[in-house]
Amino acid sequence: MNNEVWVFIEQRNGKAAEVSLELLSKGRKLADSLNGLLKSIVIGHNVKNIAGQTAEFGADEAYLIEDAFLKDYLSLPYSRIFNELIEREQPRIVLFGASITGRDLAPRVASKTMSGLTADCVDLKIENVNYLGKDYPNLLLQIRPAFGGNIIATIITPETATQMATVREGVMELVKVPNSKPIKIKTVKYHPAPEDKLVEIIERHTQESKVNLKGSSIIVAGGYGLGSKENFRLIHELADVLGGEVAGSRAAVDAGFISPERQVGQTGVTVRPKLYIAVGISGAIQHRAGMQDSNKIIAINSDPDAPIFDVAHYAIVGDATEVIPKFIETYKHKLK
Amino acid sequence: MLNSIVMVKQVPDTANISGKVMREDGTVNRSKLPAIFNYEDKIALEFALQVKEKYGGKVTAITMGPQRASDILRECFFMGADEVYLVSDRKFAGADTLATSYVLSEVIKHIGNYDFVFAGRQAIDGDTAQVGPQTAEKLGIPQITFAREILDVTEDTVTAKKQIDGGYEIQKSKLPVLITVLKDAAQPRPFSAKRMMAYKNAKSLIELEKLTEGNSLLYIDKLVHEYQERGLFINTLTMDDLQLNQDRCGLKGSPTKVHKVESVVLAGNSYNRIEPTTAGLGALIDQLTQDHIFG
C-alpha cells in the first residue's frame, strides 16, 4: 500500500474527457493531503499526447498503455489492464468519472480487486477517522446524498487497500497548474488475452454534444412543478430572451419535459453560471448539489416553503405561467 | 433454447418520501417506505421474456432481500417468469454492492445453465449501477451495460445496441453475457389476468411456514411439495443453502461503511423576496443589469 492517487483518463476519439481532467484537479489536492503522487492512467491508441496533457492538471506521472486494439473503450481489456496495474502497485485511491464508461469500468475493477467503491460523490476529502473505536489515518471521505436526497452520507472504506469513487462531470472544478513540470510517462505493454475479444464493437456512432450547460453564463431550469411539456415552453422562451441555456431537474427529465443531457443535479450536470433561474423546481438536495454554487439564483415557485428558496438570492412566489410572461415583458420593455 | 436469469430488486419508493419516514435524528425509517418493483428491472424481465418468445428457453427471476420481497417475485410470475428465487437471510443485511454481487453471482452459479443474465441499469434507492458489472466480473462473463435493444441472437452470440458517452455502439458478445438495460429500452408488458389468477397464491417457504403455524393438519414438507407440483413455489435460498463464505456477505462483507449520516438541514438562508409585479420584476432586472449579468 502506498499514498498514490490515480485517475482514469477517459478518452473519446483521442481527446481526454473533461470529467477526467476535473478529477485530476481534485486528485492533486488529495495527493497533497496524503503526501503522495498523482498518477494518470491513459489507455488507448496514439494517446501519448493525452498522457502529457495530464501534467497541466497536476499529474506527476502517467501510465500509458497503447495498442490499436485499445483504441475505443471495451470493458474486458480495459478492466483487465486496470486490475493488473492495481494489484501490482496498490494505489491508495482510484477515481473514475461517473460517465457511462466510468460506471461500466469502475465496478468491474472494484469487484476484482475487492475494493470499496462509492458512486456519484459530490465531495471527497482526506481525514483521520475513528470508526468503531479504531483509528484510521488519512481515509478518503466519500460524500454523497442518499435516500432521495433526504440525507447526506459520508462513506468510508477503512479496510481495503484501495479506495475508489466515481464523480460526475462538473462536480469538481477544473484547475490548471501554473508552470507544470514535464510529466514522467511509464509505458506499460499491452499483452492480449483471449477473453479480451469476447465482445467486439461492430459500429460506433458519436456526436459532439451541442449542449454546453457548463459553459453558459445564464441557465433557466424548469421542474416538475410546471406540470406539462406545454408549460415547459415558457422555460425555452425565457432562456431565448435572456440568451441563456435551458435545463431541467431530474423530475422534469423523468416526466419527459426535457432531454436527459440537460439535467442539472447530482445525477446530471453540475453548473456554476452567473445566473440560475429555477422555475417550478422544489429543490431536492440532489438538484441543489448541481447548482447551489451559481453566482446568483432566482427561484420561482408557487409553494412559499419550497426548499429551493433556501439557496436562492431572489425568491418569487407565484405561478410560473403568470410570472414568466410578465418577466419577459418587463425585460423586453427595459431593454428598449 | 436460450435461458435467462433476471436480477430484480424491491426498492423503497424514494420518489415519495414523506415526513413520517424521517426519524428525529435524521435517519430514514426504511420500513415506513412503500416498497416497489425497481422499474428498470421490469424492463430487464421484459427483455428476457422477448428472448424466450423468439428463441425458446426458460426465464428465471431472482431477488435478494427481506421476506416481503416475494411480492415482486409474484409480479415476475404475473409478467411471465417460469421460475423465481427469493434469496433471503438475516446475514445478508447491510450488504453493499460488492457483498450483494457476491451473493447474486453464487445464486446464478447455483441455478446454472444460463445464456443471459439481465438486470436493470441501476436501482432507484442507490443509483449506483454497480451490481450488474460486479456480478458479471464474479461470474467471469462479459457485460453489455446501458443496453437499448437486442438486435440479433445466435446460438452463441448476441448483438445489442448500447448507449455510450456521446452516442451509441453496436456490440457483439459471446454468450453467456450479462446485460443491463435502460429505462426507456422497452415497455414492460402488463400483468396477464390469467397469470395473476394462477400465481397470486404463489408462496415462499416462509409464507408456507406461516400457513402451517396454528394448523396441525398441515405439514410443511407436504405443502412445499404440493406448491412445487403446481408451479406456485417461490424457491427460497439462505446462506447455508448456498454454502457461502459468511465473511463476504452482508455488513461484514461490505468494504464501504457509512461513517456519518446527516439529515439535510436547510440553512435558513435569507433571500430578497421579489413581488411578481411589473415594479418588482423591473427592480430585479435593474439590479441584475447593474451586476453585469444582463445586458
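Below, all heavy atoms of this structure are taken into account, side chains as well, without hydrogens, waters or symmetry copies. It should be emphasised that the depicted structure is a prediction, and the values quoted were computed from it without experimental measurement. Naming convention: chains lettered A, B, ... in sequence-line order (proteins, then strands); numbering from 1 in each chain.
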Open item on the list: Has Ser99(A) got a side-chain atom pairing as donor or acceptor with Gly102(A)'s backbone, closer than 3.5 angstrom?
Closed with: yes

Task: Per-residue contact mode, Glu10(A) against chain B (heavy atom under 4.5 angstrom) - done: side chain

Open item on the list: Please classify the contact of Glu159(A) with chain B as side chain, backbone, both or neither, using a heavy-atom distance under 4.5 Å.
Closed with: neither

Task: Contacting region of Asn295(A) [heavy-atom separation from chain B under 4.5 Å] - done: side chain

Task: For chain B, the option from Thr118(A), Leu74(A), Val129(A) that forms the most heavy-atom pairs under 4.5 Å - done: Val129(A)

Task: Toward chain B, the part of Ile143(A) with a non-hydrogen atom under 4.5 Å - done: neither

- [ ] Against chain B, label Ser115(A) side chain, backbone, both or neither, depending on which of its atoms sit under 4.5 Å from a heavy atom there.
- [x] backbone

Task: Which atoms of Ile218(A) approach chain B - backbone, side chain, both or neither, heavy atom under 4.5 Å - done: side chain

Open item on the list: If I measure from the heavy atoms of chain B, does Thr267(A) come under 4.5 Å with its side chain, its backbone, both, or neither?
Closed with: side chain

Open item on the list: Does any backbone or side-chain atom of Arg248(B) lie under 4.5 Å from a heavy atom of chain A? Answer side chain, backbone, both or neither.
Closed with: side chain

Task: Partner chain A: residue of Lys183(B), Lys257(B), Arg273(B), Lys260(B) with the largest heavy-atom pair count (under 4.5 Å) - done: Lys257(B)

Task: Engaged part of Tyr331(A) at the chain B interface, taking heavy atoms whose separation is under 4.5 Å - done: both

- [ ] For each of Gln171(B), Lys174(B), Gln134(B), tally heavy-atom pairs with chain A at distances under 4.5 Å, and name the one with the top tally.
- [x] Gln134(B)

TODO: Return the orientation label for the Tyr276(A) and His287(A) ring planes: parallel under 30°, perpendicular over 60°, tilted otherwise.
DONE: tilted

Task: Option that, when pairs with chain A are counted at under 4.5 Å, heavy atom only, ranks first among Pro142(B), Ala129(B), Gly140(B), Gly126(B) - done: Pro142(B)

TODO: Determine whether Ile43(B) and Leu182(B) make a side-chain contact, defined as any pair of heavy atoms from C-beta on separated by less than 4.5 Å.
DONE: no

Task: Flag side-chain contact, heavy atom, 4.5 Å: Tyr73(A) against Asp104(A) - done: yes

Open item on the list: When you compare the side chain of Leu98(B) with that of Lys138(B), does any pair of heavy atoms fall below 4.5 Å?
Closed with: yes

- [ ] Heavy-atom pairs under 4.5 Å with chain A are the metric here; pick the option from Asp286(B), Thr128(B), Asp165(B) that has the most.
- [x] Asp165(B)

- [ ] Check whether Leu242(A) gets within reach of chain B through its side chain, its backbone, both or neither, counting any heavy atom under 4.5 Å.
- [x] side chain

